[in-house]
Amino acid sequence: MDGFGIPPEPFLQALLREEGTWGLAVHDSGRRIVFALRLLRSELRLSLAETGALRARIPGVVREGTRAEMQWLKQLLDAQGVESAVVPVAVHQG
């Protein structure tokens with residue numbers, strides 16, 4: 001595991017237990033949303049219906065997972081000039 005992308009399932013569950021759940025919040029509007037949705041659809045292999053559901057969540061948290069996953073997606077969006085942030089959704093307690 002290199003710290004980017006989606007980790008294999010056993011690591012994914014361990015990371016979620018250890019670090020909590022993180023979200024990718026997209027704050028942009030206008031034409032850059034199209035770039036964001038196209039990129040997320042491609043990278044996450046989403047259907048058109050799934051992509052439409054993401055669109056309905058903008059502005060706001062469009063995806064949840066590990067911190068590494070969300071940082072990876074944020075870097076991809078940053079490269080397209082899309083304003084986004086990685087935010088804690090449910091942080092591990094203890």
Roughly how far, to the nearest 0.5 Å, is the [atom2] atom of [Y] from the [atom1] atom of [X]?
{"X": "Glu83", "Y": "Leu77", "atom1": "CD", "atom2": "CG", "answer": "11.0 Å"}
{"X": "Ser84", "Y": "Gln75", "atom1": "OG", "atom2": "CD", "answer": "10.0 Å"}
{"X": "Leu39", "Y": "Arg32", "atom1": "CG", "atom2": "CZ", "answer": "14.5 Å"}
{"X": "Thr66", "Y": "Glu18", "atom1": "OG1", "atom2": "CD", "answer": "12.5 Å"}
{"X": "Arg31", "Y": "Ile33", "atom1": "CZ", "atom2": "CD1", "answer": "12.5 Å"}

For [X] versus [Y], what's the shortest heavy-atom pair and its separation?
{"X": "Trp22", "Y": "Met70", "value": "O-CG, 3.6 Å"}
{"X": "Glu50", "Y": "Ser47", "value": "OE1-N, 2.7 Å"}
{"X": "Asp28", "Y": "Gly81", "value": "OD2-O, 3.5 Å"}
{"X": "His27", "Y": "Ala85", "value": "NE2-CB, 3.7 Å"}

From the options Thr51, Val62, Val82, select the one residue that forms a side chain to side chain contact (heavy atoms under 4.5 Å, CB included) with Leu40. Val62
Step by step, work out the side-chain contact (heavy atoms from CB on, under 4.5 Å) result for Arg38 and Val34. CA-CA 6 Å; Arg38 188 177 298 146; Val34 174; 3.5 Å; yes
Please report the C-alpha distance between Leu24 and Glu69 in whole Å, then the side-chain angles of each, then the deciding distance to 0.1 Å, and finally whether the side-chain contact (heavy atoms from CB on, under 4.5 Å) criterion is met. CA-CA 9 Å; Leu24 176 70; Glu69 287 176 283; over 6 Å; no
Is any side-chain heavy atom of Leu46 less than 4.5 Å from a side-chain heavy atom of Arg63?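 Yes, their side chains come closer than 4.5 Å.
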Between Leu76 and Gln80, is there a side-chain heavy-atom distance shorter than 4.5 Å?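 No, too far: nothing below the 4.5 Å cut-off.
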same_hphob_cluster(Val86, Val61) at 4.5 Å side-chain heavy-atom cutoff: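 They do not share one cluster, since no chain of ILVMFWY contacts under 4.5 Å joins Val86 to Val61.
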